[in-house]
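Numbering of residues begins at 1 and proceeds along the displayed sequence.
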Amino acid sequence: MGARGLLTAPPGPAPAAASDRRLPRNLLPLHYDLELWPQVRPGQAGPFAFSGQVNITVHCLQDTDSAVLHSSGLRSRGAAIVRGPLSGAGAFVEVAGLRLDAASEVAVLELRGRLRAGRRYVLQLGFQGRLEEDFDGLFLTRYTDQGLSSMLIASQLEPTYARTVYPCFDEPAMKATFNIRIVHDPSYVALSNMPAIDISEMKDENGSLWTITKFNTSLKMSTYLTAFVVCDFDYVTRTERGNEIRIWARKEAVKSGYVDYALNVTGPIFSFLEDLLNVSYPLSKTDLVALPDFGAGAMENWGLMTFHESSLMYRPSDKFTSRKAMIAIIVSHELGHQWFGNLVTMNWWNDLWLNEGLASYFEYLGAIIVEPKLSLDKIFYDHVVQPVLREDNERGVRSLSETEEQIKESFSLISLFDSITYSKGASITWMLSGFLTEKLFIRALTSYLKEFSFSNANQDDLWTHIQMVIDAQNEVQLPASVKQIMDSWTCQNGFPVLTLNLTTGTISQEQFLNKKNENSTDSYNNTWIIPISWMRNGSSQPLMWLDKSSKVFPEMQVSESEYDWVLLNVNLNGYYRVNYDQLNLKRLARLLENDPKAIPAVSRFQLIDDVFALTQFGYIQIETALELTKYLAREDELFIWNMVLLNLVPENLESTLKNYEVYPLLKKYLLKRMLPIYHYYAGFIHENVDALEDDYFAQVYLEKLFATACWLGLQDCLNLSSELYAKWMDNPEYKIPFLIRRTVCCYGVAVGSDKEWNFAWEMYNRTDSTKEDKDILLSAMSCAKESWLLYRYLQYGLSDTLFSANYTSVIILYAVTKDIGNRIAWEFVTENWPILSERYGKELLHDVLKVMGRFVNTDVQIQELQTFYNATLEKDERVATTLLLELAKIENMERRELLIKVAKWLQKNLDD
């Protein structure tokens with residue numbers, strides 16, 4: 001499914017759903033003949049239905065008097081079983097009854113005779129279902145194109161929605177071939193996995209005309225990869241190595257050239273993957289369809305990939321490459337699946353990472369081919385490894401490869417599509433490729449793909465193929481079998497932190513857990529087999545392995561000289577954190593101040609990220625982490641600054657930080673260090689912002705830098721904001737540079753008066769403003785510094801005529817997070833509670849209270865909230881919210897202690 005981050009599954013355990021139930025193994029599907037007929041005509045209002053007929057050729061493995069297959073939400077229109085295909089007419093096996101079991105999503109055909117082992121049969125099933133306007137199974141979407149309202153039909157079958165479209169053996173290992181026909185209105189075009197081979201017409205019982213599009217027989221594939229689209233789109237096309245690539249989209253988008261970029265990169269990425277993996281792509285055509293609305297972000301259906309249109313469209317007028325990079329990454333991810341997922345599929349969903357983790361690894365390799373200016377290791381570390389390290393230590397997190405039993409007991413299948421599967425999968429793949437060398441890793445993947453083409457594999461199959469490649473050479477030596485090494489990363493929860501003592505050269509490992517939680521003392525005795533890439537005094541050293549809980553590495557003992565330092569996990573080849581001893585940290589801090597470039601950028605990022613994470617989890621003191629920030633005036637990498645600011649000025653702390661004596665100190669300390677990088681970028685904003693078109697991180701992170709500078713009261717930043725905002729007010733056609741638009745609008749309003757606020761309101765109400773601009777302005781209007789403006793804004797938010805209902809909570813949430821908005825929003829919510837709760841019910845309350853809790857800074861405020869809850873909430877909700885408040889209280893105390901420490905440290909170090 002779509003590239004990570006687009007698909008966020010609900011966290012934590014969920015009860016096992018019926019989709020986890022496995023079918024009996026007595027029938028094996030070989031081939032499906034499937035006809036689908038969505039009864040949709042342009043311009044009709046609905047509700048809509050679809051009907052169909054499926055004939056499934058099965059091979060019987062054991063005698064049975066029933067046939068069980070998946071079916072969910074479908075009504076039956078008759079069922080029969082015929083002795084297959086060569087046994088002549090009249091060889092029916094009588095069906096005594098058909099039972100649809102909604103709870104376990106199966107259809108059971110009870111038979112009067114028996115199906116005999118070794119024979120073939122054809123199950124013939126008629127069915128019908130409802131065509132909903134949602135995003136799974138077969139669904140309908142309404143959209144506008146060239147000013148007209150239109151409809152399309154598309155499908156999303158992963159993981160277990162094929163059974164909601166046609167009765168089938170809906171498990172990834174039950175692969176079969178498919179002949180598909182789609183009956184549709186003549187004004188639409190129908191697409192499926194394979195090329196169309198015939199188009200004919202038929203009349204229904206009312207004599208009205210329909211078109212039948214018939215597709216070529218598919219390759220052997222899983223049901224979740226079958227796909228259907230019926231639409232009135234245009235396409236652009238190009239052929240690459242005999243593979244006809246077509247990109248379909250709304251006519252106006254095609255005409256404006258919005259899908260040209262995607263067309264230009266798809267072919268080269270295909271060729272790159274074919275050459276790298278040395279396995280050719282087996283289809284003669286590939287369609288990529290840009291859907292106006294789509295829940296999954298993107299889906300890799302074989303030969304018919306679907307995307308949310310925002311993931312596939314690039315406006316030629318847009319100068320900046322970050323959009324291109326995102327499209328290249330998402331397209332690469334789905335193309336990677338054509339090998340990992342479609343050609344070779346995991347046996348069952350517990351090894352989903354073999355699909356998603358590998359596709360998430362190759363998405364970056366593919367993107368770099370078409371956007372060579374991107375720096376692969378920085379982006380991979382920043383977007384993939386670092387975010388998942390932050391998540392992969394919470395309780396309730398699962399391991400990468402769970403057993404089927406564990407999944408049945410505690411996870412829903414859809415919850416497996418999460419950052420563990422995608423990002424941890426990609427991170428350990430990166431690590432694996434690192435210690436094997438890419439050459440051997442790719443060689444093993446080729447052998448794995450060739451053996452399991454058109455079939456299924458599990459994690460051990462992959463390890464076996466890597467082991468074969470390792471055994472056949474002698475350059476790379478491993479300390480244990482590939483399975484022992486890799487199972488330690490995929491079958492255990494979490495990841496290790498290495499603790500280093502450089503006086504003795506000892507490294508020990510333990511699971512990285514929050515030491516502040518009392519219950520984490522019952523430490524798991526997990527050990528990992530850990531590859532350690534390292535450097536000493538700037539030169540790379542041979543790879544070392546830590547294969548037990550602790551080990552002495554004499555090579556890592558350092559001398560008395562403060563110029564003798566060691567750096568572990570260089571360029572983040574390993575999925576772990578490092579806790580250095582004070583001695584080495586002092587030396588690294590000194591090195592950073594004298595010569596920051598002596599440490600590679602990714603390693604600087606990792607070093608600082610590790611110390612803040614170690615602080616947060618109680619391994620080291622905050623002062624230790626702050627020592628590593630002294631050098632920042634010499635840091636010119638925006639992705640490193642971004643991570644520092646997220647740690648020092650987290651968004652949810654802005655109003656808290658303002659309330660304490662820490663703010664003036666932080667202001668002085670940080671601004672002094674931010675000025676060089678701030679002025680470097682401000683120069684571009686003044687002179688020529690287009691010169692940043694290839695600076696990927698400027699496009700992603702400049703906003704945070706500028707927002708922080710303005711928040712810290714840097715006069716130059718405030719002036720720049722008012723200046724650009726005034727320019728916009730003089731000429732509404734002027735575009736504020738998109739890289740800092742949010743900040744400029746916010747501080748333009750904040751520094752201004754009601755004149756600036758009213759202009760924002762006027763622009764918000766312009767019909768031609770985009771969704772993104774509207775959101776920027778919604779947020780900007782809550783930046784006002786005069787309380788009457790904020791109060792008026794909140795009042796507007798209540799009015800039916802000015803806003804649709806779902807914006808009220810957005811406006812309240814924006815206001816709550818601002819310094820002065822915090823009190824005003826709170827008073828507003830309490831005063832207007834009756835009307836708010838009647839209109840928006842519990843959803844709004846939960847959102848507001850969650851955020852409120854984060855911003856209550858004093859116990860008095862907590863008391864106030866508690867009183868309010870007691871007066872307004874039902875008893876069962878009071879328990880949950882009181883719990884939230886208790887947490888807020890504890891967090892506040894911890895935060896206060898932390899901020900006092902930070903303030904003391906800053907006081908001492910201001911003049912350094």
Side-chain angles (χ1 to χ4, degrees), residues 375 377-378 381-382 385-386 389 497-502 532-541 556 558-573 577-616 619-649 665-666 668-680 697 701 704-705 708 902 905-906 908-912:
S375 89
D377 53 344
K378 291 175 193 170
Y381 190 53
D382 181 83
V385 188
Q386 193 264 350
L389 282 172
V497 54
L498 304 194
T499 302
L500 192 58
N501 177 339
L502 287 186
I532 303 174
S533 54
W534 65 295
M535 61 163 50
R536 182 166 183 164
N537 312 337
S539 59
S540 292
Q541 303 296 317
M556 290 196 192
V558 293
S559 65
E560 296 296 296
S561 153
E562 58 181 59
Y563 296 100
D564 195 7
W565 53 270
V566 163
L567 188 74
L568 261 52
N569 202 4
V570 180
N571 282 337
L572 212 93
N573 284 330
R577 295 197 183 278
V578 180
N579 182 9
Y580 294 102
D581 55 9
Q582 287 298 328
L583 174 73
N584 197 48
L585 271 178
K586 274 205 178 65
R587 291 178 183 183
L588 290 173
R590 217 193 118 274
L591 175 68
L592 283 173
E593 287 182 68
N594 294 330
D595 180 14
K597 297 277 195 258
I599 296 179
V602 170
S603 292
R604 299 199 296 279
F605 180 100
Q606 172 208 346
L607 186 59
I608 298 172
D609 187 50
D610 278 357
V611 289
F612 278 109
L614 287 161
T615 301
Q616 206 186 335
Y619 285 80
I620 60 175
Q621 295 301 313
I622 182 72
E623 293 83 352
T624 308
L626 291 169
E627 285 294 329
L628 287 181
T629 64
K630 286 181 174 176
Y631 88 98
L632 283 168
R634 301 189 59 180
E635 182 52 79
D636 56 6
E637 289 277 6
L638 208 48
F639 83 112
I640 296 179
W641 263 106
N642 182 64
M643 188 265 306
V644 170
L645 295 176
L646 288 176
N647 278 297
L648 285 180
V649 191
L665 301 168
L666 197 58
K668 208 169 156 186
Y669 180 82
L670 263 182
L671 282 181
K672 184 173 158 184
R673 287 163 177 77
M674 274 171 77
L675 281 176
I677 193 165
Y678 169 84
H679 283 303
Y680 172 77
F697 285 120
Y701 294 140
K704 175 73 179 167
L705 186 83
T708 307
V902 171
W905 186 91
L906 288 170
K908 271 202 212 98
N909 291 281
L910 269 184
D911 307 320
D912 282 16

## Note on the structure
dist Leu632:CG -> Ile677:CD1 (nearest 0.5 Å) comes out at 9.5 Å

### Query
What residues, two or more places apart in sequence or in another chain, satisfy side-chain contact (heavy atoms from CB on, under 4.5 Å) together with Thr615?
Ile620, Ile622, Ala625

### Message
If I take atom CG from residue Asn537 and atom CG from residue Leu567, how far apart are they, to the nearest 0.5 angstrom?
### Response
11.0 Å

### Task
Mind checking the CG-CZ spacing from Asp595 to Arg634? Nearest 0.5 Å is all I need.
6.5 Å

### For Glu562, all residues meeting salt bridge (charged side-chain N to carboxylate O under 4.0 Å, His left out), sequence neighbours excluded
Arg590

### Query
Considering only heavy atoms from C-beta outward, does the side chain of Leu585 approach that of Glu627 to under 4.5 Å?
no

### Message
Quick one, Pro600 and Met535 - any side-chain contact, counting heavy atoms below 4.5 Å?
### Response
yes

#### Entry: Thr629 side, atom OG1; Arg673 side, atom CZ - distance, nearest 0.5 Å
6.5 Å

### Message
Taking Val570's backbone N and O only, do any of them form a donor-acceptor pair with Ser533's side chain (distance below 3.5 Å, no angle check)?
### Response
yes

#### Entry: Qualifying residues under side chain to side chain donor-acceptor pair (under 3.5 Å), relative to Asp382, sequence neighbours excluded
Tyr701

### Residues which pass salt bridge (charged side-chain N to carboxylate O under 4.0 Å, His left out) with Asp609, listed by chain and number, not counting sequence neighbours
Arg390, Arg577

### Query
Just wondering, do Leu648 and Val902 contact through their side chains at under 4.5 Å, heavy atoms?
no

### Summary
Sequence neighbours excluded, the answer for salt bridge (charged side-chain N to carboxylate O under 4.0 Å, His left out) partners of Arg604 is Glu635

### Task
Identify, with sequence neighbours excluded, every residue that meets ring pair (Phe, Tyr, Trp, His ring centres under 6.0 Å) alongside Phe639.
Phe605, Phe697

### Query
Considering only heavy atoms from C-beta outward, does the side chain of Thr624 approach that of Leu614 to under 4.5 Å?
no

### Task
Look at atom NZ of Lys597 and say whether more than 12 heavy atoms of other residues, nucleotides or ligands are closer to it than 6.0 Å.
yes

### Message
Would you compute the distance between atom CG of Leu500 and atom CG of Asn584 and round it to the nearest 0.5 angstrom?
### Response
6.5 Å

#### Entry: Exercise: identify the closest heavy-atom pair between Gln541 and Ser539
NE2-O, 3.1 Å

### Considering all heavy atoms, the nearest Leu705-Met674 contact
O-CE, 3.4 Å

### Message
I'd like to check the ring pair (Phe, Tyr, Trp, His ring centres under 6.0 Å) partners of Tyr680; sequence neighbours left out, ordered by chain and number.
### Response
Phe684

### Message
Holding to side chain to side chain donor-acceptor pair (under 3.5 Å), I want the full list of residues that pass it with Tyr619, two or more places apart in sequence or in another chain.
### Response
none

### Query
Which pair of non-hydrogen atoms, one from Leu568 and one from Ile532, has the smallest distance, and what is that distance?
CG-CG2, 3.7 Å

### side-chain contact (heavy atoms from CB on, under 4.5 Å) against Ala589, all qualifying residues, sequence neighbours excluded
Leu628

#### Entry: Minimum heavy-atom distance Ala633-Pro676, with the two atoms named
O-CG, 3.6 Å

### Query
In chain order, what residues pass the ring pair (Phe, Tyr, Trp, His ring centres under 6.0 Å) check against Tyr669, with sequence neighbours excluded?
Trp905

### Query
With Arg536, which residues qualify under salt bridge (charged side-chain N to carboxylate O under 4.0 Å, His left out), at least two apart?
Asp564

### Message
Taking salt bridge (charged side-chain N to carboxylate O under 4.0 Å, His left out) as the cut-off, I'd like each qualifying pair that reaches into residues 578-587, sequence neighbours left out, listed once.
### Response
none

### Message
Can you give me the closest heavy-atom contact between Leu502 and Val566, atom names plus distance?
### Response
CD1-CB, 4.1 Å

## Note on the structure
Heavy-atom nearest pair, Leu645 first then Lys704, reads CB-CE, 3.8 Å

### Query
Once you round to the nearest 0.5 Å, how far does CG of Leu670 lie from CG of Leu906?
8.0 Å

### Residue pair Leu607 / Tyr580, side-chain heavy-atom distance below 4.5 Å
yes

